[in-house]
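Chain identifiers are assigned alphabetically (A, B, ...) following the order of the sequence lines, protein sequences preceding nucleic acid strands; residue numbering begins at 1 within each chain. Note that the coordinates shown come from a computational prediction; the quantities given were computed from them, not determined experimentally.
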2 protein chains.
Amino acid sequence: MNELVRRGTRGLLRDMNNSRVLQIIQAHGPISRAEIAKIGDLQPPTVTAIVNDFLRVDLVRETDLVRDNGNGSAAIGRRPILLCLNQTAAFAVGVKLRQHGMTIAVTDLGGTIVYRSESVLPNHTPDEALRFIADRVENAIEVAAINSTKVIGLGIGMPGIVDYRNGVCCFSPLLEWEGVHVTSTLESILGMPAYADNDVNMLTAAEIAYGAGREVSDFLTVTVGQGIGLGIVLRGEIFRGAAGGAGEFGHVKIESDLLCECGARGCLEAVASDVGISQQVAAAKHLSSIDIIEALELARAGDREVLAIVEHAGEVLGRSVGNLLNLFNPELVIVTGEGTRAGDLLFAPMRRALEGAAFGTLGRDTHLVIQSWGDEAWARGAASIVVHEMLKPPIYEARSAGPLVHLLARSIHGGTT
Amino acid sequence: MNELVRRGTRGLLRDMNNSRVLQIIQAHGPISRAEIAKIGDLQPPTVTAIVNDFLRVDLVRETDLVRDNGNGSAAIGRRPILLCLNQTAAFAVGVKLRQHGMTIAVTDLGGTIVYRSESVLPNHTPDEALRFIADRVENAIEVAAINSTKVIGLGIGMPGIVDYRNGVCCFSPLLEWEGVHVTSTLESILGMPAYADNDVNMLTAAEIAYGAGREVSDFLTVTVGQGIGLGIVLRGEIFRGAAGGAGEFGHVKIESDLLCECGARGCLEAVASDVGISQQVAAAKHLSSIDIIEALELARAGDREVLAIVEHAGEVLGRSVGNLLNLFNPELVIVTGEGTRAGDLLFAPMRRALEGAAFGTLGRDTHLVIQSWGDEAWARGAASIVVHEMLKPPIYEARSAGPLVHLLARSIHGGTT
DNA sequence: TCATTTAGTTCCTTAAGTTAATTAACTAGA
DNA sequence: TCTAGTTAATTAACTTAAGGAACTAAATGA
């Protein structure tokens, strides 16, 4: 039934508690050992031992911040030594692939981008493309002047269906990739753990690590832009489905005859994405094409025909998201992507339709966050998947030792520079 | 982020390996210790120690079955001692609540029903109803002549939204329950672990334990009958959503004006459930009502009008299930419930619509099983949730010690009867 | 100065996986 | 029939990491 769970080995205990302590330090800012023990339900000696490992690797640092009770009165007893994550103890590389280009970002553990580059992705075979990517990554690390032993891994996001567990790009029409073994190739060239994922999941990972999903264990990320995507977070983990194709939300079918880019008719994407809306507007206005921004200006200017199209898009989107609530019952839905610039034009009808479609009180009980769009989110997201892999409880079997194990193991030999 | 994972305590290792070994014995039939060690990636001494615990409690028994290589030629070396689960070492009680009645079933670990009873559920307050249920359960155990120390727990399924983790029935229109603390009440009366769940999830649990989902880690159970329900299995675990309301599939909205029993318009249930179909047929034939069986007979007799209604129901159902494939990407979809008696009348158009709605090759890659309907499935399912709780890896924090821990702990004091 | 309180460490114990050696039970060939 | 070879299962010694008690450190306040 569940052969994926790790067996009970001695190392598992330490791995789990390592992750537990590190996660607490990361989440609860400067914090004392005693407080960690309390929050994590661990024994003080265990915390001491684990923290010592982290201090040795310089992953965690002691601050000389003096305790303050808030009300100004100093508390009794020995002052705690506050610990915080050393954000620059390690770095992660994020790669976002597009149809003809790629963005590379190097971030520290806090998600701060320390280096960024754009490249044109030459039109080669998958294998050549991967070699090119690896070359650009090596170059980025060099130019960013980062000690390569401090790089804990590479996250790479791409459009299409990706088998995360095995690191294989199953099917990507835009890249024209099918069954490409992404991570194994990159790992063997670069010598660091690599993680490949669908691009929407990269964004979702950023939400888990730094965004609105930070405090929430079950939420959905809906991306509206050129296409419509969905990231699913269950129990604090990104859910990817049996073979990695979960969340093809844009190709959910609704009652409509509009032709989608995927070749099918009636996809949500064909009605409610930026591309879908502008195509509908172009057809209505008898134009060969129209930019989404111009289309929205027409709507804002009060063009009834265009308004109706956008409103309908909002309704359809709202109903589809409402159906998601029925299925997933999340605490939170984050809507993001370039499409958020449509604002209330799209989201007022969306909210209405959403409450109508959700079962019982689900529509009112679920928080909805419309998040304005930052272009750097993709890049941070790709890197944050690596950080996330480092922090998550190592409960399931993995292809290889995770970033944290690597980091701790390395400096047993290497010393503490 | 993920405070739900258990901390790394010494007992965790043994708990995890206990579960691992027991699961292997349960799944792989009569099996030797050596083979368990191989499959489970455990050391032989660990297996021996764990198996000894199980033998002491009589949960597992040694058989004198002689090894046979299949080709008749006896193998070299010492013959393995084959182990198998003692199905009657423990019993679980399952309760299925309906609007005005309840079914109680007592099963052994293999899911064999050893006792079964029906009761009318008197129309009382939730608290009185729970007392009544507890009374009937105690009676059932007594009449079934089972040593009460061998009863490992109670599973109770009900229509509506149930918070499984906290054992609370949040909202059940049929029972007129809202915020009822089911398990804590039953546990305190009966003195055994209790688990409350949505009724569809009970069926799904049965599929995991004994059905088509036995070998599959990600699948969906779609129940078609009076209503339409959905059970979601991810990584071998039933997924219940943030507050237990995941899987309100019957109230997913489609393009339709039909009024659903829930008060909303356009629910899938209003179009494609038994009730929905017969209501549509009744309206078309200008009858006040018609039985679903008669309606299907009309269709089989060739009534074009009725055929169109059933066909449309199948299409809508297929499109909705196809959308589920896009979202969950399961390996398998099991369709079950009374509605399966409609046969190809409903499922031929369903299959067609399904393939059209699923993205890319998802429709062809996913197995679809239409499962004929056994009435005892609900009852077995409720009990099997307890068995499932006993077998599953104890990775997450639980309200109290699970059934396996209970069983092993009890007979340290009690001896091995 | 000294009792009190909270933080953090040290040392010993204990549970449970790990390893290697040992015993058990069997087959096949000389 | 004896012996070498092989697989199964157990035993005993070892190791790791959590658990717990005692102890040191550092602060407050009378």
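Counting any heavy atom pair closer than 4.0 Å across all strands shown, B:G8 reaches sugar-phosphate atoms only and no base atom.
Checking D:dA17, D:dT6, C:dG17 against every side-chain atom of A:L13, the shortest atom distance belongs to D:dA17.
The CD1 atom of B:I31 sits 11 Å away from the P atom of D:dA8 (whole-angstrom rounding). Protein atom CD of A:Q43 is 16 Å distant from nucleotide atom P of C:dT14, rounded to whole Å. Rounded to whole angstrom, the span from the CZ atom of A:R14 across to the P atom of C:dA16 amounts to 18 Å. Spacing between atom CG of B:N18 and atom C1' of C:dA16 amounts to 11 Å, rounded to whole angstrom units. Here C:dA16 presents its C1' atom at 13 Å from CZ of A:R7, a figure rounded to the nearest Å. Atom CZ in A:R20 sits about 12 Å away from atom P in D:dA18, given to the nearest Å. Rounded to an integer number of Å, the gap from CG of B:N17 to P of C:dT18 is 8 Å. Distance CG (A:L12) to C1' (C:dT18): 15 Å, rounded to an integer number of Å.
Along DNA chain C, the nucleotide nearest to A:K38 and the one nearest to A:R10 differ in position, and the one closer to the 5' end is contacted by A:K38.
Checking side-chain atoms of A:E331 against main-chain N and O of A:V216 turns up no donor-acceptor pair under 3.5 Å. Remark: the backbone N or O of B:E35 is paired with a side-chain donor or acceptor of B:S32 at under 3.5 angstrom. With hydrogens and angles disregarded, no donor-acceptor distance shorter than 3.5 Å links the side chain of A:N86 to the backbone of A:R61. Panel note: side chain B:E187, backbone B:P193; no donor-acceptor pair is recorded below 3.5 Å.
Rounding to the nearest 0.5 Å places CE of B:M192 at 4.0 Å from CD1 of B:I141. The structure places CZ of A:R240 at 9.0 Å from OG1 of A:T204, a figure rounded to the nearest 0.5 Å.
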Q) So B:I208 and B:R214, side-chain contact (heavy atoms from CB on, under 4.5 Å) or not? Walk me through it. A) CA-CA 5 Å; B:I208 294 175; B:R214 201 166 174 179; over 6 Å; no
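In this view, B:D108 satisfies the salt bridge (charged side-chain N to carboxylate O under 4.0 Å, His left out) rule with no residue, not counting sequence neighbours.
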Using atom names, set out every protein N or O paired with an N or O of nucleotides 8-11 of chain C below 3.5 Å, distance rounded to 0.1 Å.
| residue | atom | partner | partner atom | Å |
| --- | --- | --- | --- | --- |
| C:dG8 | OP1 | A:I81 | N | 2.6 |
| C:dG8 | OP1 | A:I81 | O | 3.2 |
| C:dG8 | OP2 | A:R33 | N | 3.1 |
| C:dG8 | OP2 | A:A34 | N | 2.8 |
| C:dT9 | OP2 | A:R33 | NE | 3.3 |
| C:dT9 | OP2 | A:T48 | OG1 | 2.6 |

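Taking a pair as Watson-Crick or G-U with both hydrogen-bonding distances under 3.5 Å, the stems of three or more pairs touching DNA chain D are C:1-30 with D:1-30.
Annotation: side chain of A:R6 is in contact with side chain of A:P394 (closest heavy-atom distance under 4.5 Å).
The side chain of A:T46 places no N or O atom within less than 4.0 Å of a non-bridging phosphate oxygen (OP1 or OP2) of D:dA17.
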